[in-house]
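All ligand and atom numbering here is 1-based and tracks the order in the structure.
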Amino acid sequence: MRKIPLFAIDRSVKQIEDAVLTEWGELLRRGRFIGGKAVETFEEEFANYIGISDCVCVGNGTDALILTLRALGIKPGDEVIVPDFTFIATATAVVLAGGIPVLSDVESSSLNLSPSVLEAHISDKTVGVIVVHLYGNPANMKEINRVAKKYGLFVIEDAAQAHGAALDNIKVGNFSDAATWSFYPTKNLGASGDGGAVTSNDSELISKVRSLANHGRKTHFFHEVIGCNSRLDALEAAFLRKHLKLLDKENSMRRSIAEKYEKVLKNYEKVNLLEKLPSSTHAFHLFTFKIDPLFRDRFKNYMASKGIEVGIYYPLPLHKQRALKEFSQKVYAPNSSEAARSVVSLPVFPYMTIDELDYIVNALEHFFSNEV
Ligand SMILES: Cc1ncc(COP(=O)(O)O)c(C=O)c1O
């Protein structure tokens with residue numbers, strides 16, 4: 001039977017394999033493995049790509065969040081509002097940085113943080129908000145920034161799923177005090193291992209993150225603050241430099257696959273497509289839609305019977321995660337709970353063949369016309 005995976009990283013890697021191996025050969029011969037020219041050049045190129053002045057690479061997207069919160073001066077007891085429907089790191093980073101995550105409901109239409117609900121959660125302890133562009137779909141930054149400005153809050157964009165997404169042709173990462181990125185291999189801009197970055201127009205903030213990520217150093221043997229070790233390897237930077245060159249092309253491949261799915265799925269009453277802002281460019285890290293929860297298991301099983309892998313991002317809202325019990329007592333997030341019961345993601349990887357896409361589309365049409 002034909003097998004179509006949810007992610008197919010190998011197809012992107014194939015495009016850059018020779019060029020990466022040449023670069024890696026040089027780095028191995030030079031014996032420069034952490035930091036150095038390759039990392040500096042990637043930082044410059046990624047900042048240019050986003051259209052922002054400064055970038056620092058760190059060990060992963062979770063550290064990017066923790067170190068940004070620390071650089072912004074978070075103190076014990078400070079509250080940071082985060083969406084209740086996201087990958088858990090958005091919230092745990094706040095705890096690891098010493099703060100309290102306030103889990104806030106998302107819009108049922110987009111599954112991104114709801115600006116009005118956000119405003120209702122602001123207390124005299126609130127210092128900031130972390131916005132996630134979930135699945136690569138830009139959140140309503142205009143409204144969120146209006147609320148944040150009114151109450152003097154910092155804004156962080158958790159852009160781990162949104163490399164290349166934009167609002168009014170301005171890339172996400174430009175709508176906050178700082179944006180954090182993950183280069184986990186399945187991400188749109190994936191590395192060949194863990195990696196992350198923080199971008200901002202505030203060069204002082206970026207220097208603070210750089211120092212915190214490197215043992216609180218100012219110079220090699222002089223440490224100003226308690227830091228940690230969260231740096232990017234030169235080999236990863238070399239890989240990322242090659243992958244960055246493909247990012248726009250790969251994102252447009254993702255968008256044309258998504259367009260085809262949307263055209264088909266919009267015809268079925270058991271399906272709810274997620275809404276995008278009119279002026280937005282979605283990066284489709286995942287193609288996710290909502291299905292009537294009564295049919296989700298049946299849909300998953302049907303797709304599996306056809307050899308098509310689908311995913312559930314995420315099966316639990318954050319307030320139901322045991323790890324976050326302490327922060328979940330008073331959470332009311334019906335849209336997030338409903339999303340956890342109804343979301344399902346289809347393969348949307350670059351270099352999917354027309355044949356594979358047609359096969360998935362046929363399976364969708366068959367399921368929604370005959371099985372529900
Ligand atoms: C929204 C979001 N935030 C943060 C992270 C954490 O990134 P990392 O896995 O690189 O630590 C991820 C990655 O999975 C993510 O999807």
Side-chain angles (χ1 to χ4, degrees), residues 6-7 9 42 46 55-70 80-97 99 101 103-104 106 110-113 128-139 141 144 155-165 172-173 175-176 178-199 209 212-213 228-233 236-237 239-240 243 254 274 282-288 311-318 321 323-324 336 339-340 343 345 348-349:
L6 188 58
F7 298 104
I9 307 168
F42 173 68
F46 189 57
C55 170
V56 55
C57 286
V58 295
N60 53 67
T62 309
D63 284 355
L65 283 163
I66 298 169
L67 297 170
T68 301
L69 288 161
R70 286 196 59 199
V80 178
I81 297 170
V82 301
D84 186 55
F85 197 67
T86 171
F87 181 61
I88 195 165
T90 314
T92 50
V94 176
V95 184
L96 292 165
L103 307 174
S104 188
V106 292
S110 70
L111 303 187
N112 279 326
L113 195 63
V129 50
I130 305 179
V131 186
V132 178
H133 303 296
L134 194 71
Y135 312 134
N137 187 17
M141 294 311 297
I144 288 165
V155 178
I156 298 173
E157 287 168 274
D158 176 347
Q161 303 185 1
H163 317 79
V172 302
F175 300 94
S176 54
T180 62
W181 307 87
S182 166
F183 303 129
Y184 182 77
T186 57
K187 297 292 197 265
N188 291 36
L189 180 59
S192 53
D194 276 316
V198 183
T199 54
V209 174
L212 286 168
C228 66
N229 175 356
S230 184
R231 301 173 300 217
L232 192 75
D233 295 350
E236 289 305 343
F239 185 99
L240 284 163
H243 199 181
R254 289 172 186 274
L274 299 183
H282 197 315
F284 286 105
H285 167 56
L286 289 169
F287 179 88
T288 305
I312 307 292
Y313 293 82
Y314 298 91
L316 269 191
L318 291 190
Q321 293 283 1
L324 291 169
S336 166
V343 286
S345 305
V348 69
F349 53 80

Over 60° means perpendicular and under 30° means parallel, so classify the ring planes of [Y] and [X], tilted if in between.
{"X": "Phe287", "Y": "Phe284", "result": "parallel"}
{"X": "Phe7", "Y": "Tyr313", "result": "perpendicular"}
{"X": "Phe87", "Y": "Tyr314", "result": "tilted"}

Do the side chains of Phe46 and Trp181 get nearer than 4.5 Å, heavy atoms only?
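Yes. Closest side-chain heavy atoms under 4.5 Å.
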
Look only at the side chain of Glu157 and the backbone of His133, and say whether a donor-acceptor pair between them is shorter than 3.5 Å.
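No, Glu157 side chain to His133 backbone: no donor-acceptor pair under 3.5 Å.
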
Which pairs of N or O atoms, one from ligand 1 and one from the protein, are separated by less than 3.5 Å, and what is the distance for each pair?
unit_1	atom_1	unit_2	atom_2	d
ligand 1	3 (N)	Asp158	OD1	3.2
ligand 1	3 (N)	Asp158	OD2	2.7
ligand 1	7 (O)	Ser182	OG	3.4
ligand 1	10 (O)	Gly61	N	2.8
ligand 1	10 (O)	Ser182	OG	2.7
ligand 1	11 (O)	Gly61	N	3.3
ligand 1	11 (O)	Thr62	N	2.9
ligand 1	11 (O)	Thr62	OG1	2.5
ligand 1	14 (O)	Lys187	NZ	2.8
ligand 1	16 (O)	Gln161	NE2	2.9

Mark yes when over 12 heavy atoms from residues, nucleotides or ligands other than Tyr184 sit less than 6.0 Å from its OH; otherwise mark no.
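Atom OH in Tyr184 is not crowded, with 12 or fewer foreign heavy atoms closer than 6.0 Å.
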
